[in-house]
Amino acid sequence: MPELPEVETVRRGLEGAILGRTVRAVVVRAPALRWPIPADLDRILPGLEVASVRRRGKYLLLGLAPGTLIVHLGMSGNLVFRREPTPPGRHDHLDIVFDHGVARLNDPRRFGAVLWHPRALGPVEDHPLLAGLGIEPFAEEFDGRHLYRASRGRIASVKQFLLAGEAVVGVGNIYASESLHRAGIRPTRAAGAIGLARYERLAEAIRATLGEAIEMGGTTLRDFEGPDGVGGYFQLACRVYGRDGLACGRCGGTIRRIVQQQRATWFCPGCQR
DNA sequence: AGCTGGTCCTGATGGC
DNA sequence: TGCCATCAGGACCAGC
């Protein structure tokens, strides 16, 4: 489910629902996500006010006065506020209870994470999980020159380079394929062998792709739903993802599916070079 | 059985 | 030989 647009969709929903509200209780049901959910969250959070709801890459950052709750949704996570929550289900691992409803973390595959970072508001970039992240795709400093410089000497494929998140954050498997198609770049090409002009195009393609996906509420492949309980619909706008055998909308070529680093990649051999 | 949205960690490799 | 950066693969897990 969650690449940057989905996480941003979740963030916006949460911000509208819990910003400025005070945590009343916390219920931890499954301590074993990627790492254990801190067992003492139920003592730390109650009484604290949600002062900010931010996002860094695919991480959600809930600012709560003396610290920050860092949440990652992994492959299958979601964090949604419900005014009238249903009884918790099998994969509802965490409830953050407010007077007016409950923010509930659901994550069947448990690749997600919930961590408490005991630092006051402001930057939490010193956290080891955040320190190595690339820049935000919507930041001013993100452009083709940045990608060009970061990729010099790299023999790994450009798709792998994007997924690594060291140059730019938030581009996951779906949007890597989509952005590369939009930029006309073949995903298998070595990152270090791509010139500045093409990286300018790629940077713009990444921005445009992610921006459109956010507007559409993200991509729903199986079960992702946004804050309002409905799925996103960017999957309807995908140009190559999941479309092997179909015709490319730009050149009419036949879209192909290959596997890179054990992840599927889709591209059009006709217009991606 | 083999896929599926992520990313940390370990061990291998290669250049200096 | 040792150090560094990079790269490849395994690991985590449930559902379809």
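By convention in this document, chain letters (A, B, ...) are assigned in the order of the sequence lines, proteins followed by strands, and residues within each chain are numbered from 1.
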Which nucleotide sits closest to the side chain of [X]: [options]?
X	options	result
A/Trp266	B/dT4, B/dT7, C/dC7	B/dT4
A/Arg263	B/dG6, C/dC7, C/dA8	B/dG6
A/Arg257	B/dC3, C/dA14, B/dG6	B/dC3
A/Tyr241	C/dA14, B/dT4, B/dG6	B/dT4
A/Lys58	B/dT4, B/dT7, C/dG15	B/dT7
A/Arg110	C/dA14, C/dC7, B/dT4	C/dA14
A/Arg154	B/dG6, C/dT6, C/dA8	C/dT6

Would you mind classifying the nucleic acid contact of [X] as base, sugar-phosphate or nothing, using non-hydrogen atoms under 4.0 angstrom?
X	value
A/Ile155	sugar-phosphate
A/Ala264	sugar-phosphate
A/Tyr59	sugar-phosphate

Does the side chain of [X] reach to within under 4.5 Å of the side chain of [Y], using non-hydrogen atoms?
X	Y	value
A/Asp92	A/Leu105	no
A/Leu61	A/Arg56	yes
A/Leu60	A/Val7	yes

A/Glu178 side chain to A/Thr209 backbone, donor-acceptor under 3.5 Å: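 No, because the side chain of A/Glu178 does not come within donor-acceptor range (under 3.5 Å) of the backbone of A/Thr209.
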Could you state the atom-to-atom distance from [atom1] of [X] to [atom2] of [N] in whole Å?
X	N	atom1	atom2	answer
A/Glu166	B/dC8	CD	C1'	12 Å
A/Leu73	C/dC13	CG	C1'	16 Å
A/Gln262	B/dT7	CD	C1'	13 Å
A/Leu129	B/dT7	CG	P	10 Å
A/Met75	B/dC8	CE	P	14 Å
A/Trp35	B/dG6	CH2	C1'	10 Å
A/Asn106	C/dG15	CG	C1'	12 Å
A/Arg152	C/dA5	CZ	C1'	16 Å

Stacked pair A/Phe111-C/dC12, distance under 5.5 Å, angle under 30°: yes
Would you say [X] places a side-chain N or O within less than 4.0 Å of OP1 or OP2 belonging to [N]?
X	N	value
A/Gln160	C/dA8	yes
A/Arg34	C/dC13	no
A/His72	B/dG6	no

Pairwise 5' ranking along DNA chain C for A/Gln261 and A/Arg109, keeping only the more 5' one: A/Gln261
First encountered from the 5' end of DNA chain C, between A/Ser157 and A/Ala32: A/Ser157
Base-pairing assignment for C/dC13 (Watson-Crick or G-U wobble, both under 3.5 Å):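 The base-pairing partner of C/dC13, which may sit in any strand shown, does not exist here.
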Evaluation steps, ring-ring contact (aromatic ring centres under 6.0 Å, His included), between A/Phe81 and A/His100: CA-CA 10 Å; A/Phe81 181 81; A/His100 64 313; 4.6 Å; yes
Approximate separation, where rounding is to 0.5 Å, of A/His181 NE2 and A/Cys271 SG: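 Between A/His181 NE2 and A/Cys271 SG, I get 4.0 Å after rounding to 0.5 Å.
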